[in-house]
Amino acid sequence: MKILVTGGAGFIGSNFIHYWLEKHPDDEIINFDLLTYAGHLESLESIKDNPHYSFIKGDITDAKAVDEVVSKVDAIIHFAAESHVDRSILDPLIFTKTNIIGTQILLEAAKKFGIKKFHHVSTDEVFGALPLDSDTKFNEETSYNPHSPYAASKASSDHLVRAYHDTFGISVTITNCSNNFGPYQDPEKFMPRMITNLLSGQKVKVYGDGKYVRDWLHVLDHARAIEMVFLNAAQGSTYCVGGMTKDVNNLEVAQKVIKLLGKSESESIEFVTDRPGHDRRYAVDWTKINKDLGWEPQYDFDSWLEKTVKWYQENESWWKPLKEKSESIYKK
Ligand code: NAD
Ligand code: TYD
């Protein structure tokens, strides 16, 4: 099968490409990515000469370029997006352009060229926020209630994907996944920012009171969930994907990482100004994907966290050149 992966130079897309080519070495992947601040071809260095992999620099909002690449493939797995909530507060319009218009342009091309499968990679943030200390979780029936411009743009893109299925009969699937962590994540995001700050002798910056809960999932568990849905799920279906069985707040995550790195807690945490409109708690009920497709996370959170911290310790050459630039957005 020839698959177009959009946004394959980003965090999840690059991990997904490595995963896919290892599991499905006979398939062919075209990675179509604009290489924004978040796209790093260094993450794909080890496969750049693989004859089953190729890279095209291009913009999903450019219909001509999209048509050209979509005409060559059987299926699309769509990761490309503006993905950082903090950036969507600083500069929301690019989120509308990339995440909404870009997705629609891809759907148009899928329609025009009779694409067999279109998988849309989305987020649990479309559902809004849950109260702290409750047992409520997001599931496939939860109403959309996005708060940040990022979440609103992803919600719109999900609606468009479903509309193209219902109206034009495009074969689509959607995954709404929780916060990912793992190798090759841009050091702007919480988990790698925290680890690389500590590795550089700086403090973890904890927003507000730190009692914000995310449903952390390792990126390889996410890749496996996408694989299962893409290959085996009914067309038109949606799956929620998450990893946690127990809430862990940001402060507790920071404490775990500080301990793994053998640092002193009192000297390693700085509470900073909170994010406006900060969602309190995300939690995902992943019963449906477990029951229908047999998916579950491979390891527990603590084991994945330890592996992730080790990866950043051993791969300074990947993150060090990005660190200064990634910190510059926080000065704004
Ligand atoms: P990322 O920001 O690390 O990567 C995004 C990639 O898209 C980058 O390589 C970037 O260059 C590319 N891109 C941006 N605009 C583009 C455009 N106009 N045309 C072509 N390429 C473009 O994001 P990520 O964390 O890897 O997330 C990937 C997808 O997964 C996104 O759709 C995101 O909404 C979704 N998601 C992310 C998470 C998470 O925790 N990171 C969780 C659930 C869902
Ligand atoms: P982030 O990685 O930006 O993901 P999202 O906002 O999409 O969930 O942030 C994860 C959580 O960590 C969120 O509650 C905001 C918080 N956070 C910090 O406390 N400090 C930081 O330096 C960053 C980047 C995020």
Side-chain angles (χ1 to χ4, degrees), residues 5-16 31-41 43-44 56-62 65-66 69 77-89 94-95 97-99 101-103 105-106 120-126 129 147-148 150-151 153-154 157-158 174-182 184-194 197 203-219 222 225-226 241-242 249-251 253-254 269-275 277-282 284 326-327 329-330:
V5 168
T6 69
F11 163 47
I12 307 176
S14 59
N15 277 283
F16 180 82
N31 172 13
F32 185 85
D33 193 300
L34 185 57
L35 299 183
T36 67
Y37 80 94
H40 310 300
L41 287 181
S43 311
L44 297 153
I56 297 174
K57 184 172 176 188
D59 187 341
I60 56 166
T61 68
D62 174 351
V66 165
V69 69
I77 305 185
H78 175 35
F79 295 88
E82 286 293 336
S83 70
H84 192 178
V85 174
D86 288 325
R87 280 183 183 257
S88 83
I89 296 165
I94 185 72
F95 285 70
K97 185 178 178 214
T98 302
N99 299 358
I101 298 175
T103 300
I105 285 173
L106 278 166
H120 180 56
V121 181
S122 193
T123 166
D124 62 350
E125 301 190 29
V126 299
H147 296 144
S148 70
Y150 163 65
S153 67
K154 290 297 289 188
S157 68
D158 291 9
I174 300 178
T175 38
N176 290 99
C177 186
S178 60
N179 285 65
N180 284 213
F181 67 103
Y184 303 120
Q185 186 169 27
D186 193 283
E188 264 189 28
K189 299 279 177 82
F190 180 53
M191 196 72 94
R193 186 183 187 206
M194 165 169 53
N197 271 9
K203 293 183 180 185
V204 178
K205 314 286 183 191
V206 174
Y207 291 179
D209 59 10
K211 291 179 188 156
Y212 291 90
V213 172
R214 296 296 181 260
D215 186 326
W216 294 102
L217 181 73
H218 191 270
V219 65
H222 187 189
I226 294 169
V241 188
N249 69 34
N250 293 344
L251 193 54
V253 174
I269 292 178
E270 181 184 344
F271 289 91
V272 298
T273 312
D274 210 347
R275 170 190 283 173
H278 198 167
D279 285 342
R280 252 307 161 193
R281 172 174 174 263
Y282 302 146
V284 172
S326 74
E327 278 305 303
I329 80 139
Y330 293 105

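No experiment lies behind these values; they were computed from the predicted model shown. Counting starts at 1 for both ligands and their atoms, following the listed order.
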Exercise for review: List the steps, then state whether side-chain contact (heavy atoms from CB on, under 4.5 Å) holds for V253 with W216.
Suggested key: CA-CA 10 Å; V253 174; W216 294 102; 3.7 Å; yes

Check your understanding: For H40 and Y184, what are the C-alpha separation, side-chain angles and deciding distance, and is it a ring pair (Phe, Tyr, Trp, His ring centres under 6.0 Å)?
Key -> CA-CA 9 Å; H40 310 300; Y184 303 120; 9.4 Å; no

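Which parts of ligand 1 touch G39 is read off a 4.0 Å heavy-atom cut-off, strictly below it: atoms 8 (C), 9 (O), 11 (O). Ligand 1 places these atoms under 4.0 Å from at least one heavy atom of T36: 10 (C), 11 (O), 14 (C), 15 (N). Interface of T98 with ligand 1, defined as ligand atoms under 4.0 Å from a residue heavy atom, comprises 15 (N), 16 (C), 18 (N). Residue-ligand proximity, K154 to ligand 1, at heavy-atom distances under 4.0 Å covers atoms 31 (C), 32 (O), 33 (C), 34 (O). Short contacts between ligand 1 and L35, defined as distances under 4.0 Å to a heavy atom of the residue, involve ligand atoms 11 (O). Distances below 4.0 Å separate heavy atoms of N179 from the following atoms of ligand 1: 40 (O). Residue contact check: S122 has heavy atoms under 4.0 Å from atoms 43 (C), 44 (C) of ligand 1. Every atom of ligand 1 is numbered from 1 in the order shown, and the set under 4.0 Å from a heavy atom of G58 is 19 (N), 20 (C).
Contact annotation: D59 has at least one heavy atom less than 4.0 Å from an atom of ligand 1. Heavy-atom distances between Y150 and ligand 1 reach below 4.0 Å in at least one pair. Between S178 and ligand 1 there is a heavy-atom distance shorter than 4.0 Å.
Inspection of the N176 and D158 side chains reveals an N or O donor paired with an N or O acceptor under 3.5 Å.
Considering all non-hydrogen atoms of both residues, D186 and P192 come closest at O-CG, 3.3 Å. In plain terms, the two heavy atoms of T61 and T98 that are nearest each other are CG2-CA, 4.0 Å.
Under the 6.0 Å cut-off for aromatic ring centres, F79 and F16 qualify, their centroids lying closer than that. Taking the six-membered ring where the residue is Trp, the centroids of H218 and F181 are separated by under 6.0 Å. Residues Y150 and H84 place their aromatic rings such that the two centres sit no closer than 6.0 Å.
Of the charged side-chain nitrogens involved, at least one lies within less than 4.0 Å of a carboxylate oxygen, so that R280 and D209 count as a salt-bridged pair. Ionic pairing of K57 and D33 is not present here: no N-O contact between side-chain nitrogen and carboxylate oxygen is shorter than 4.0 angstrom.
Judged by distance alone, with hydrogens and angles left aside, the side-chain atoms of T175 form no donor-acceptor pair with the main-chain N or O of C177 at under 3.5 Å. With hydrogens and angles ignored, the 3.5 Å screen pairs a side-chain donor or acceptor of N180 with a backbone N or O of S178. Judged by distance alone, with hydrogens and angles left aside, the side-chain atoms of N99 form a donor-acceptor pair with the main-chain N or O of E82 at under 3.5 Å.
Looking only at heavy atoms of the protein, atom 2 (O) of ligand 1 is closest to S83 OG, 2.6 Å. For atom 30 (O) of ligand 1, the closest heavy atom belonging to the protein is V121 CG1, 3.4 Å. Taking atom 19 (N) of ligand 1 as the reference point, the nearest protein heavy-atom neighbour is I60 N, 3.0 Å. Nearest to atom 40 (O) of ligand 1 among the protein's heavy atoms is N180 N, 2.8 Å. Considering only non-hydrogen protein atoms, atom 3 (O) of ligand 1 sits nearest to F11 N, 3.0 Å.
Polar contact check, C177 against ligand 1: no nitrogen or oxygen pair lies under 3.5 Å apart. Checking only distances, H78 never comes within under 3.5 Å of ligand 1, N or O to N or O. No N or O atom of T61 sits closer than 3.5 Å to an N or O atom of ligand 1. Residue I12 places at least one N or O, backbone or side chain, under 3.5 Å from an N or O of ligand 1. Residue D33 places at least one N or O, backbone or side chain, under 3.5 Å from an N or O of ligand 1. The shortest N or O to N or O distance between F79 and ligand 1 is under 3.5 Å.
Put simply, the side chain of I60 reaches to within 4.5 Å of the side chain of H78, judged on heavy atoms. Using a 4.5 Å heavy-atom cutoff, the side chains of D59 and F32 are not in contact.
The residue among G10, A81, G102 with a heavy atom at the shortest distance from atom 14 (C) of ligand 1 is A81. For atom 22 (C) of ligand 1, the nearest non-hydrogen atom from the set N99, N31, N15, L34 belongs to L34.
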Contact table ligand 2 N or O to protein N or O, d under 3.5 Å:
unit_1	atom_1	unit_2	atom_2	d
ligand 2	2 (O)	F190	N	3.0
ligand 2	3 (O)	R275	NH2	3.0
ligand 2	4 (O)	N179	ND2	3.3
ligand 2	6 (O)	R275	NH1	2.5
ligand 2	6 (O)	R275	NH2	3.2
ligand 2	7 (O)	E125	OE2	2.6
ligand 2	8 (O)	N179	ND2	2.9
ligand 2	8 (O)	R214	NE	2.7
ligand 2	12 (O)	N250	ND2	3.3
ligand 2	14 (O)	R214	NH2	3.3
ligand 2	14 (O)	N250	ND2	2.9
ligand 2	14 (O)	H278	NE2	2.7
ligand 2	19 (O)	Y207	N	2.9
ligand 2	20 (N)	K205	O	2.6
ligand 2	22 (O)	R193	NH1	2.7
ligand 2	22 (O)	K205	O	3.3

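Relative to the six-membered ring of Y37, R87 meets both conditions, a distance below 6.0 Å and an angle of at most 45° to the axis. Relative to the six-membered ring of Y207, R275 misses at least one condition, a distance below 6.0 Å or an angle of at most 45° to the axis.
Taking K205 as the reference, E270 meet the salt bridge (charged side-chain N to carboxylate O under 4.0 Å, His left out) condition, with sequence neighbours excluded.
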